[in-house]
Amino acid sequence: MISHARRRILQWAAAMPFLPACTSPPPAQPAATEARAFRRCRPGDPAWPSAASWARLNQAVGGHLIKVQSPWAACAPAPDGASCTDLFRELKNPYYIGDHVGLTQTSGWVDAWTSTPSIYAVAARGVDDVVAAVNFARDNELRLVIKGGGHSYQGTSNAADSLLIWTRAMRAITLHDAFVGRGCAGKVAAQPAVSVGAGAIWMHVYDAVTTQGGRYVQGGGCATVGVAGLIQSGGFGSFSKNYGMAAAALLEAEIVTASGAVQIANACTNPELFWGIKGGGGGSLGVVTRVTLKTHALPDYFGAVFATIRAASDGAYRRLIAQFVRFYRDSLFNPHWGESVSFSPDNTLRIGMVFQGLTQSQATAVWQPFFDWLGAAGQDFQLASEPVIVSVPAQHFWDPDYLRKLPGAVLADDRPGASPGNVFWAGNLGEAGWFLHGYQSVWLPASLLDPEQQRRLSEALFASSRRWRMALHFNKGLAGAPADAVAAARETATNPAVLDAFALAITAGEGPPAFPGIAGHEPDLVAARDDAAAIDRAMKALLPLVARPGSYISESNYFDSAWSASFWGSNYPRLRRVKETYDPDGLFFVHHGVGSEEWSDDGFTRVPSA
Ligand SMILES: Cc1cc2nc3c(=O)[nH]c(=O)nc-3n(C[C@H](O)[C@H](O)[C@H](O)COP(=O)(O)OP(=O)(O)OC[C@H]3O[C@@H](n4cnc5c(N)ncnc54)[C@H](O)[C@@H]3O)c2cc1C
């Protein structure tokens, strides 16, 4: 909550016709007449750091300050040239994007944001580099951005005229047999865990923990997502219906807060900061430099079920949806099953589910009644091909060598000299570099699966599918999960709606990588806006099912005006208190992040809150 003194300052500032550019920060308890610091510096402002200042920062970070060149500089004048063609080809390689200081995994979102490189970046090698960058940004009133894996859909890891802290090089991974957080000895039992540098991506963590260590750690489904970004989002992986949210597995974090202090946050030390970074969203409370996550015993097998079913008529499609909802409730609504299905305007049901803790034959037996029902329905339904039910030894599920031999499972980083461990799910190819037209999500309460509610649910799914493709991600809702996974999620900042949700419904649309001003690669704005309107209508068809819509911060609508209620629900006031404690002057800003209502959309100007 905003203090009375601060509110007075903000009101006073709002009344000013003109504010001097990037003045020094106000003291902790300023008198109203002293209030000055309401606009951050941009290049060209008199107070923008001098070349000598930047040189000192460069020295402080061991020469790892980068003057960022726009990746598009060579492209704009010669869009058909070889370097531009190569660049757009590389935008389908998430490892290339991840290794580029000036790129993000999403190229933009229509009418929302366009990926824009920072002016300077600190390619941090360790916590000392992060401290130096935080101090420099704070003292010089710069717009600060943090990028790890670069997968933010909301564009929160890039900003024009900013200083970037880029954690890509901080990716050490250490397994522990018996971890106890600092200050927790005698209070919290030692447990197996893994410590991971903030810039690591999940594929490399899974390879270390599962392939090499024979353990399980809860991370994201997409293998190239960054560790620190996902943990702070809440974070769901394919098997979260059993193991819970990734943030809930956090045992400890090292985090540099706005004062430049290196804080340890765990259940015993800085517990409120610890709670806040578990789901409070990346980029709002500080720079996480290392996380330590609980690990679990591995099951014997992980597996997947794929099928695509086309209904011959709208009537048949309604029956198919109703049958699937019934089948899900009776047979799949338990910790064994995760991932998603989608419903589309062409009357197609696409099934891409995963399982853990079952053998292939047990999984086949689970699905038999559903496929028997389809077979008995004759001409009404057509399978695109034979359903696929596969399983692999769990230890190989993220084993790059094993996966490379499975046809169609993964794609590899094809740059010369790339690490053999650089693979990604083939299913994530479309998302590399894409340009978003729309993206919305809502948690669906498990009560909708009750027999008397199922008809409402399936009719709403049908209505929604008339507008746009609607997917149900079962692993992103915790209803049906074990009690300990639900209890741990309750101790995060994520909207409690996740606890009672059987699925997160997601509707989204996109085009290929696109950038304004680059001929032949510009976004198709007309098509994009049409798609956005259809996506909006698809979501509106579902919303009457939910009394208080909640949405997953990382996979949500950029334009959601009720964002704080959507992402955090009743947890938001507590998050604001954490923000006030650790970043009272708002050094850390992201679009629709905690405390962002005090800032202009671009994060440069502090504005009074309503
Ligand atoms: C293709 C794709 C697939 C996805 N799949 C999943 C999925 O399976 N499950 C899921 O839960 N989510 C998924 N997401 C969403 C993803 O988890 C979030 O966007 C996450 O925040 C990305 O983290 P990042 O480090 O890759 O991204 P970034 O864009 O680098 O960071 C995301 C946010 O976190 C902040 N941040 C990054 N590093 C730090 C740090 N060290 N300290 C403080 N703040 C930091 C950034 O400033 C930014 O605000 C997916 C996104 C994409 C694009």
Side-chain angles (χ1 to χ4, degrees), residues 202-203 205-207 209-211 216-225 235-244 246 296 298-310 324 327-328 330-344 348-372 374 383-412 423-431 469 471-477 480-481 502-504 506:
W202 288 105
M203 186 66 218
V205 177
Y206 294 145
D207 192 22
V209 172
T210 302
T211 318
Y216 179 87
V217 60
Q218 187 55 63
C222 169
T224 55
V225 162
F236 302 93
S238 301
F239 305 110
S240 278
K241 198 65 118 181
N242 188 51
Y243 300 100
H296 304 257
L298 263 187
D300 291 335
Y301 295 97
F302 288 135
V305 177
F306 299 105
T308 301
I309 304 151
R310 179 92 181 258
F324 181 81
F327 171 65
Y328 177 79
D330 295 344
S331 304
L332 305 179
F333 183 38
N334 60 57
H336 292 298
W337 293 93
E339 279 304 337
S340 60
V341 300
S342 69
F343 308 94
S344 305
T348 298
L349 168 64
R350 286 186 182 76
I351 296 167
M353 297 290 290
V354 296
F355 58 89
Q356 63 77 33
L358 299 173
T359 62
Q360 189 165 320
S361 57
Q362 286 171 322
T364 305
V366 169
W367 281 81
Q368 200 58 50
F370 180 73
F371 290 119
D372 286 349
L374 274 182
L383 275 160
S385 56
E386 267 306 292
V388 173
I389 303 183
V390 286
S391 71
V392 298
Q395 197 157 1
H396 288 314
F397 195 78
W398 292 287
D399 174 352
D401 294 337
Y402 186 90
L403 293 174
R404 280 169 187 263
K405 292 178 199 137
L406 286 184
V410 292
L411 296 166
V423 295
F424 60 101
W425 298 117
N428 288 127
L429 177 65
E431 292 151 319
R469 186 177 64 252
L472 298 182
H473 291 241
F474 302 108
N475 50 310
K476 295 174 183 170
F502 76 94
L504 181 74
I506 298 181

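In what follows, every heavy atom counts, from backbone to side chain, and hydrogens, waters and symmetry copies are set aside. Numbering starts at 1 and runs along the sequence shown.
Partners of P299 according to the side-chain contact (heavy atoms from CB on, under 4.5 Å) rule, which considers only residues two or more places apart in sequence or in another chain, are Y243, F302, Q356, A394. In this view, S342 satisfies the side-chain hydrogen bond (donor to acceptor under 3.5 Å, both in side chains) rule with no residue, not counting sequence neighbours. Qualifying side-chain contact (heavy atoms from CB on, under 4.5 Å) partners for S238, counting only residues two or more places apart in sequence or in other chains: E339, V354. Residues passing the side-chain contact (heavy atoms from CB on, under 4.5 Å) test with Q395 are L298, sequence neighbours excluded. For K241, there are no salt bridge (charged side-chain N to carboxylate O under 4.0 Å, His left out) partners, not counting sequence neighbours. Among residues two or more places apart in sequence or in another chain, the ring-ring contact (aromatic ring centres under 6.0 Å, His included) test is passed with F343 by none. Looking at residues two or more places apart in sequence or on another chain, you find a side-chain hydrogen bond (donor to acceptor under 3.5 Å, both in side chains) between R350 and S344. Among residues two or more places apart in sequence or in another chain, the side-chain contact (heavy atoms from CB on, under 4.5 Å) test is passed with T211 by D207, D399. With sequence neighbours excluded, no residue forms a ring-ring contact (aromatic ring centres under 6.0 Å, His included) with F424. In this structure, T210 has no side-chain hydrogen bond (donor to acceptor under 3.5 Å, both in side chains) partners at least two apart in sequence or on a different chain.
For the residue pair P387 and L383, the shortest heavy atom distance occurs at CD-CD1, 3.9 Å. Residues W425 and G221 share a closest heavy-atom pair of NE1-O, 3.2 Å. In terms of heavy atoms, L358 sits closest to Y301 at O-CB, 3.6 Å. Taking every heavy atom of both residues into account, A246 and Q218 meet most closely at CB-O, 3.4 Å.
Screening residues 383-392 for side-chain hydrogen bond (donor to acceptor under 3.5 Å, both in side chains) gives Q360-S391 as the qualifying pairs, with residues at least two apart or on separate chains.
Atom-to-atom distance recorded for I309:CD1 and L374:CG is 4.5 Å, nearest 0.5 angstrom. Going from atom CZ of F327 over to atom CZ of F333 covers 14.5 Å, rounded to the nearest 0.5 Å.
W398 places no side-chain N or O within 3.5 Å of a backbone atom of W202 that could act as its donor or acceptor partner.
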Solution key, residues 401-411 side-chain donor-acceptor pairs under 3.5 Å, sequence neighbours excluded:
residue, atom, partner, partner atom, Å
R404, NE, P420, O, 3.3
R404, NH2, P420, O, 2.8

